[in-house]
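Please read the structure below before turning to the comments.
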Amino acid sequence: MKYEQVSLATPHGFAFKLTCYWKTQLKEDADPRQWPIILIFPGSGFVQMTEREAEPIALAFSAQGYQTVVVDYNLLDRGPIYPNAIDVGLTALQYAQDQGPKHYGDAHKIILMGFSAGAHVAALTNAFGKDESYLQEHGFGSESLTSALQVLGYPVIDLAAGFPATRDEAVKISPNERYWATQKLVTAATPPTFIWNTCADAVVPPYNSLLYGQLWLSMVLTTRFILSRMANTGYV
């Protein structure tokens, strides 16, 4: 495995880092395989990145045949989360498309995987990755920029749905309410989605997942939704 930390900047110059875990090929067998790429957005509460949803997740999926990249998106100590975090996600997606094949990653099989607050960032990344006006305004050109799939674990879906606890906190995360409700941005072009949560989650209310899942079902889109009875946020 090749471990690599990469410093990048969005088109508007906002700096961030990626941590890459590139599987190495079996050289003696002239291994021709290309591996799907997972971009991992750990949970954070928008305050502190959760370690258990970063490297442990990356290594677990690497062992199952994926190239994995942890996205160190911005937190509240750098000001409002949005729209910078969306641009970070889109820039990370571009990087995976461009650089992944050099490490035997399949640029056509990229998955965004987000946990808790990181799931909010991942979902918005895909939502605005198909918004031509947003892409042009933020320096990404006009071509759609989305993943093949998205995986959302105990996700924050709507900033007005129980996390954060108050409107004032939500305004700090995003003064612009355009970035609050990811379920309202679901369209037929949204990538197929796997969502899971638990009824016992005392941090991110499971209602968030239901908001997203109900809209997917009403639009007859490809999704799988799991709501378990036990455990809490961070039970991966």
Side-chain angles (χ1 to χ4, degrees), residues 1-25 34-129 135 138-141 143-153 155 191 236:
M1 175 181 290
K2 179 180 180 182
Y3 172 86
E4 182 178 30
Q5 289 190 312
V6 181
S7 296
L8 296 175
T10 68
H12 287 175
F14 190 85
F16 70 99
K17 293 182 179 180
L18 300 177
T19 303
C20 307
Y21 302 81
W22 302 118
K23 293 171 64 68
T24 53
Q25 301 298 87
Q34 286 190 313
W35 310 95
I37 304 169
I38 301 180
L39 297 182
I40 300 165
F41 297 76
S44 64
F46 300 114
V47 175
Q48 181 176 346
M49 211 69 76
T50 305
E51 291 182 0
R52 65 172 173 266
E53 293 156 359
E55 184 168 272
I57 298 295
L59 294 176
F61 276 93
S62 175
Q64 296 300 317
Y66 295 86
Q67 302 291 27
T68 54
V69 178
V70 176
V71 183
D72 188 10
Y73 59 90
N74 52 298
L75 303 175
L76 283 169
D77 60 352
R78 299 181 69 184
I81 302 298
Y82 301 113
N84 283 325
I86 299 169
D87 293 353
V88 166
L90 291 171
T91 304
L93 187 50
Q94 277 188 330
Y95 180 85
Q97 290 177 341
D98 294 342
Q99 300 298 314
K102 298 178 182 178
H103 300 280
Y104 301 94
D106 191 335
H108 301 291
K109 295 181 180 179
I110 298 176
I111 302 165
L112 299 193
M113 178 179 289
F115 300 91
S116 192
H120 195 265
V121 179
L124 286 180
T125 296
N126 270 323
F128 286 97
L135 291 170
H138 289 254
F140 292 98
E143 187 173 344
S144 180
L145 187 58
T146 61
S147 65
L149 300 168
Q150 60 181 7
V151 178
L152 309 177
V236 292

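None of these values were measured; they are calculated from a predicted model.
Centroid-to-centroid, the aromatic rings of Y21 and Y3 come within less than 6.0 Å.
Residue pairs meeting the side chain to side chain donor-acceptor pair (under 3.5 Å) criterion with at least one member in residues 81-92, sequence neighbours excluded, are Y82-H120, D87-Y134, D87-H138. Contacts classified as side chain to side chain donor-acceptor pair (under 3.5 Å) and involving residues 57-68 (residues at least two apart or in different chains) are not found.
Across all non-hydrogen atoms, the minimal contact from L145 to Q94 is CD2-CG, 3.5 Å. Among all heavy-atom pairs drawn from P56 and E51, the shortest one is CD-O, 3.2 Å. Of all non-hydrogen atoms in Y95 and C20, the two that sit nearest each other are CE2-SG, 4.2 Å. Here the shortest heavy-atom pairing between L90 and G129 reads CD2-CA, 3.7 Å. Nearest heavy-atom pair, T19 versus Q5, reported as atom, atom and distance to 0.1 Å: OG1-NE2, 3.7 Å.
For the pair R78 and F16, the cation-pi criterion (under 6.0 Å, within 45° of the ring axis) is not fulfilled.
With S44 contributing its side chain and A117 its backbone, the two residues share no donor-acceptor pair below 3.5 Å. Although no hydrogens or angles enter the test, the distance criterion places a donor-acceptor pair under 3.5 Å between the side chain of S147 and the main chain of L149. In this structure, D106 contributes its side chain and P36 its backbone to no donor-acceptor pair below 3.5 Å.
Note that CD of Q97 and NE2 of H108 are 9.0 Å apart. Values are rounded to the nearest 0.5 Å. Taking NZ of K23 as the start and CH2 of W35 as the end, the distance is 4.5 Å to the nearest 0.5 Å. Rounding to the nearest 0.5 Å gives a distance of 11.0 Å between CG of N126 and CD1 of I86.
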